[in-house]
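One structure is given here, and the rest of the page talks about it.
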2 protein chains.
Amino acid sequence: MQLEEAQQQFIANWGAFGSHWGINRTMAQIHALLLISPDPLNQDDIMVKLNISRGNVNMNIRDLIDWGLVNRILIPGERKEFFSAEKDIWKVATQIVKERKKRELDPMLRLLDQLEDVEGDKSDKHIKQFTETVGSIRRFGLQADKMLDGLVKAEENWFLGNLMKMFR
Amino acid sequence: MQLEEAQQQFIANWGAFGSHWGINRTMAQIHALLLISPDPLNQDDIMVKLNISRGNVNMNIRDLIDWGLVNRILIPGERKEFFSAEKDIWKVATQIVKERKKRELDPMLRLLDQLEDVEGDKSDKHIKQFTETVGSIRRFGLQADKMLDGLVKAEENWFLGNLMKMFR
DNA sequence: TCAAAATTTCACTAATTTTTGAAATTTCAG
DNA sequence: CTGAAATTTCAAAAATTAGTGAAATTTTGA
């Protein structure tokens, strides 16, 4: 396969993949483009390569930076800002885990905590089923939370980090 | 908090939560409703409780069944079909992992496998970066694949299954 | 300080996804 | 069999989400 075609395929599919994960298609495509670019790109490069508007590039780049997946790069002598993606996939993964945990899991756990104690007759089957379901989801969530914390810590920890490199 | 209010909160938030995970809001809400219902419900029950149309209930229930999260229940003497959700959260989680792996991860790995060998000068930096990125994502994906297989197996395996129960 | 270049914002438009509801089909008790 | 009840389908409508592009703002080199 030719490089050009392979690149297109990668970008298109990474976009579709991302959209299953709550990331919008264009954001994932910009991310894909930056992942396979050896050098940083500026907004115009991205506009041209993906054929999207300036505003669109700007907004999605900003989101990618908020997610911690892309960095602004200052190139001496250049007026424009350049952007480059974190290339270490393990870092990318832990970064995504960290953000989603913060944005989704943590708030959900806080809610479940509140919902677990409803008023009323504990032997009523509706109350019983409700507290049982909420309780078991909450316990499951707390486990997951711990596990993910461990995963993120592993990346930040030098020794474990090096151990993990074996799997990359 | 009163049961009614807690139930509404749970359903609404489970719906929002689901929508971050590629599951549509209504499907997640139906799932939530069934999770907290002590007895199976029929399509009319769901229509009324969530205030949505018959067609919508029907389609989303069918999807939930495809995902293996909900079962059809035949109640003797009843003409209508009833539905009930798998209540064991660990089973729910492994079921979701299994399905998403099949629908998303596996096809992505197959694609990356094809993309890894592009034609051309291996010392060109664009080719270099492309194969490096694709290769590292692929290796990462293979690891994840193995890990998730292990997770699903653990549920299906009696001994590990029991071990895992300690975490529920 | 000035003005050209670069970046950001945002009202509007486009595209996509979800929901409805009525018609078509299937099921089943009598 | 028959026909009423239940389920399924699907074209159209509604709702949601994403993208555009021009105007507003900010930055920077001279």
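Proteins come first, then strands; the chains are lettered A, B, ... in the order of their sequence lines, and each starts at number 1. Computed from a prediction, not measured in an experiment: that's the story for all the values here.
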Quick one: side chain to side chain donor-acceptor pair (under 3.5 Å) pairs with a partner in residues 40-49 of chain B, sequence neighbours left out?
B:Asp44-B:Arg54, B:Asp44-B:Lys80
Residues that B:Arg72 engages under side-chain hydrogen bond (donor to acceptor under 3.5 Å, both in side chains), provided they are two or more places apart:
B:Glu81
Identify, residue by residue, the members of residues 25-53 of chain A with a heavy atom below 4.0 Å from DNA chain D, and return them in order of residue number, or none.
A:Thr26, A:Ile52, A:Ser53
Under a criterion of less than 4.0 angstrom to any heavy atom of chain B, what are the 5'-terminal and 3'-terminal contacting nucleotides of DNA chain C?
C:dT18 to C:dC28
What salt bridge (Lys or Arg N to Asp or Glu O under 4.0 Å) pairs are there with at least one residue in residues 12-24 of chain A, not counting sequence neighbours?
none
Pairs: protein N or O with nucleotides 26-30 of chain D N or O, under 3.5 Å:
from	atom 1	to	atom 2	distance (Å)
D:dT27	O2	A:Arg79	NH2	3.4

Under 4.0 Å between any heavy atoms, over every strand shown, what does B:Asn58 touch: base, sugar-phosphate, or nothing? Just pick one.
base
Enumerate donor-acceptor pairs with a distance under 3.5 Å from any side-chain N or O in residues 5-20 of chain B to protein atoms, sequence neighbours excluded.
from	atom 1	to	atom 2	distance (Å)
B:Asn13	ND2	B:Gln9	O	2.8
B:Ser19	OG	B:Ala16	O	2.7

Which residues end up grouped with B:Phe82 if you chain together Ile, Leu, Val, Met, Phe, Trp and Tyr wherever their side-chain heavy atoms are less than 4.5 Å apart?
B:Ile73, B:Ile75
Enumerate donor-acceptor pairs with a distance under 3.5 Å from any side-chain N or O in residues 55-67 of chain A to protein atoms, sequence neighbours excluded.
from	atom 1	to	atom 2	distance (Å)
A:Asn60	ND2	A:Asn24	OD1	3.3

On DNA chain C, nearest-nucleotide positions of A:Asn56 versus A:Glu81: which is more 5'?
A:Glu81
In terms of heavy-atom contacts, A:Lys102 and A:Pro107 come closest through O-CD, 3.3 Å
Closest-nucleotide mapping onto DNA chain D: is A:Ile23 or A:Arg54 further toward the 5' terminus? I mean the 5' end.
A:Ile23
Under 4.5 Å between side-chain heavy atoms, chaining through other members, with only Ile, Leu, Val, Met, Phe, Trp and Tyr counted: pull out the rest of the cluster around B:Val48, sorted by chain and number.
none
Tabulate below the donor-acceptor pairs under 3.5 Å that side-chain atoms of residues 108-122 of chain B make, not counting sequence neighbours, or state none.
from	atom 1	to	atom 2	distance (Å)
B:Asp113	OD1	B:Arg138	NE	3.0
B:Asp113	OD1	B:Arg138	NH2	3.3
B:Glu116	OE1	B:Arg138	NH1	3.0
B:Glu119	OE1	A:Gln2	NE2	2.6
B:Glu119	OE2	A:Met1	N	3.2
B:Asp121	OD1	B:Ser123	N	2.9
B:Asp121	OD1	B:Ser123	OG	2.8
B:Asp121	OD2	B:Ser123	OG	3.1
B:Lys122	NZ	B:Val118	O	3.3

Considering only residues two or more places apart or on different chains, which pairs with a residue in residues 29-39 of chain B satisfy salt bridge (Lys or Arg N to Asp or Glu O under 4.0 Å)?
A:Lys125-B:Asp39
5'-most contact on DNA chain C (nearest-nucleotide basis), A:Met59 vs A:Lys80, goes to A:Lys80
Under 6.0 Å from the six-membered ring centre of A:Trp21 and within 45° of its axis: does the NZ or CZ of A:Arg100 meet both?
no
Whole angstrom value for the distance that separates C1' of D:dT17 from CG of A:Asp63:
13 Å
